Peer 1: 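Have a look at this one before I ask anything.
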Amino acid sequence: MSNTELLTIEPQELQFPFELKKQISCSMQLKNNTNDYVAFKVKTTNPKKYCVRPNTGVVLPHSVCDVTVTMQAQREAPLDMQCKDKFLLQSAVASPGATIKDITPELFNKESGNRVEECKLKVNYVDPPQPPSPVREGSEEGSSPRASVSDNGTINTTDSAVPRSYVESRDTSSISPETKALISKLTDEKNSAIQQSNKLHHELELLRRQGSKSSGGIPVMYVVIIALLGILSGYLMK
């Protein structure tokens, strides 16, 4: 057997992203560098605080074994985020074909003449990973125009990349000539109706003034104009 160490342990410092009231785990890898079966055992100075799986086992020649160390949820944070807990990993040469059932305390006893190696592991608390910062709206290329409302209620849009004439041309390019003619006719009729409404309002105001000067009843023309104004208003509301 060569004089190299039995197991290579990575990492040799257990780092836990500490968070209150949350169970946290970290892993380490045991690599057998020899041609022998190597048994291992993991101990800790605070066994109630940690759970190690597996805490004992056998690593086959030139093989790798993963060990998971889980810290129970903590209610209080340590002072200055410093941890004094430590782990001890013992490794020893086992007989060929050995399994976990063949591991005994005597196997890790140096006085029995066995080759036993020990590695102390420190525990370190680190800050938990921070969530990615949100991307600001409008910072991405090709994003759609954004709209905002100012203090006076005006809606402002940011669309400097697309000219207004281009948008208008895109909006009307797919309209047929017949539809354009109909829209033009309806627009003219609407404008004419608005002019008639304004005219009726003007005449109604004159009649109201004349009626206030006289002591007679309501003129017939006044009633007719009111009726026409109501019909015209109903037409404009459609």
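Quantities reported herein were computed from a predicted structural model and do not represent experimental measurements. Side-chain atoms are counted along with the backbone in the values below, which use heavy atoms only and exclude waters and symmetry mates. Along the sequence shown, the residues carry numbers beginning at 1.
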Peer 1: Could you pull out the closest heavy-atom pair between Pro128 and Pro17, with the gap in Å?
Peer 2: CA-CB, 3.9 Å
Peer 1: Please list, one pair per line, the donor and acceptor atoms closer than 3.5 Å that link side chains of residues 75-82 to other protein atoms, with sequence neighbours excluded.
Peer 2:
| unit_1 | atom_1 | unit_2 | atom_2 | d |
| --- | --- | --- | --- | --- |
| Gln82 | NE2 | Asp80 | O | 3.3 |

Peer 1: Given 3.5 Å as the limit, does a donor-acceptor pair link the side chain of Asn32 with the main chain of Val58, or not?
Peer 2: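 Not a single qualifying donor-acceptor pair exists.
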Peer 1: On a heavy-atom basis, which atom in Gln72 and which in Cys51 lie closest, and how many Å separate them?
Peer 2: NE2-CB, 3.8 Å
Peer 1: Please give me the minimum heavy-atom distance between Val93 and Leu107, naming the atom from each residue.
Peer 2: O-CD1, 3.6 Å
Peer 1: Ile24, Val69: one ILVMFWY side-chain cluster at the under-4.5 Å cut-off?
Peer 2: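 Same cluster.
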Peer 1: Under the side chain to side chain contact (heavy atoms under 4.5 Å, CB included) rule, what do Leu14 and Met28 come out as? Steps first, then yes or no, please.
Peer 2: CA-CA 8 Å; Leu14 301 179; Met28 58 181 172; 4.2 Å; yes
Peer 1: Does this structure show an ion pair linking Glu118 with Lys120, if we count only N-O contacts that are shorter than 4.0 Å?
Peer 2: no
Peer 1: I'd like to know if Leu6 and Leu88 are part of one continuous hydrophobic network [Ile/Leu/Val/Met/Phe/Trp/Tyr, side-chain heavy atoms within less than 4.5 Å].
Peer 2: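 Per the 4.5 Å side-chain linkage, Leu88 and Leu6 are not co-clustered.
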Peer 1: Under the side chain to side chain contact (heavy atoms under 4.5 Å, CB included) criterion, do Thr70 and Tyr50 qualify, and how do the steps go?
Peer 2: CA-CA 6 Å; Thr70 302; Tyr50 300 94; over 6 Å; no
Peer 1: What distance separates Thr56 OG1 from Arg53 CZ, expressed to the nearest 0.5 Å?
Peer 2: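 If we round to the nearest 0.5 Å, Thr56:OG1 and Arg53:CZ are 9.5 Å apart.
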Peer 1: When you compare the side chain of Phe108 with that of Ile103, does any pair of heavy atoms fall below 4.5 Å?
Peer 2: yes
Peer 1: Under a 4.5 Å side-chain heavy-atom rule over Ile, Leu, Val, Met, Phe, Trp and Tyr, are Tyr37 and Val67 clustered together?
Peer 2: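 Different clusters.
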Peer 1: How about Cys65 and Val59: do any of their side-chain heavy atoms sit closer than 4.5 Å?
Peer 2: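 Touching, per the 4.5 Å side-chain cut-off.
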Peer 1: Spell out, yes or no, whether Ile9 and Val52 are grouped together once hydrophobic residues are joined by side-chain heavy atoms under 4.5 Å, including indirect joins.
Peer 2: yes
Peer 1: Backbone N or O of Glu111 within a donor-acceptor pair of the Asn109 side chain at under 3.5 Å?
Peer 2: yes
Peer 1: Between Asn191 and Asp188, is there a donor-acceptor pair closer than 3.5 Å when you use the side chain of the first and the backbone of the second?
Peer 2: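 Absent.
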Peer 1: Given the rule that I, L, V, M, F, W and Y join up when any side-chain heavy atoms are under 4.5 Å apart, are Val116 and Phe87 in one cluster?
Peer 2: no
Peer 1: For side chain to side chain contact (heavy atoms under 4.5 Å, CB included), just list the numbers for Ser91 and Val38, CA-CA rounded to whole Å, side-chain angles, deciding distance to a tenth of an Å, and then say yes or no.
Peer 2: CA-CA 7 Å; Ser91 57; Val38 177; 3.9 Å; yes
Peer 1: Determine whether a donor-acceptor pair (N or O, by modelled atom type, separation under 3.5 Å) exists between the side chain of Thr44 and the backbone of Lys86.
Peer 2: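 Between the backbone of Lys86 and the side chain of Thr44 there is a qualifying donor-acceptor contact (under 3.5 Å).
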Peer 1: Would you name the heavy atoms of Lys49 and Cys83 that are closest together and state the gap between them?
Peer 2: NZ-SG, 4.2 Å
Peer 1: So, for Gly97 and Asp102, which heavy atoms are closest and what is the spacing to 0.1 Å?
Peer 2: O-OD2, 4.4 Å
Peer 1: Can you check whether Pro61's main-chain N or O pairs, donor with acceptor, with Ser63's side chain at less than 3.5 Å?
Peer 2: yes
Peer 1: If every non-hydrogen atom of His62 is compared with every non-hydrogen atom of Asn33, which pair is closest and at what distance?
Peer 2: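 Here His62 and Asn33 meet closest at CE1-O, 3.6 Å.
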Peer 1: Output the distance between atom CG (Leu30) and atom SG (Cys119), rounded to the nearest 0.5 Å.
Peer 2: 9.5 Å
Peer 1: Does any part of the side chain of Phe16, heavy atoms only, come nearer than 4.5 Å to the side chain of Gln74, both counted from C-beta?
Peer 2: no
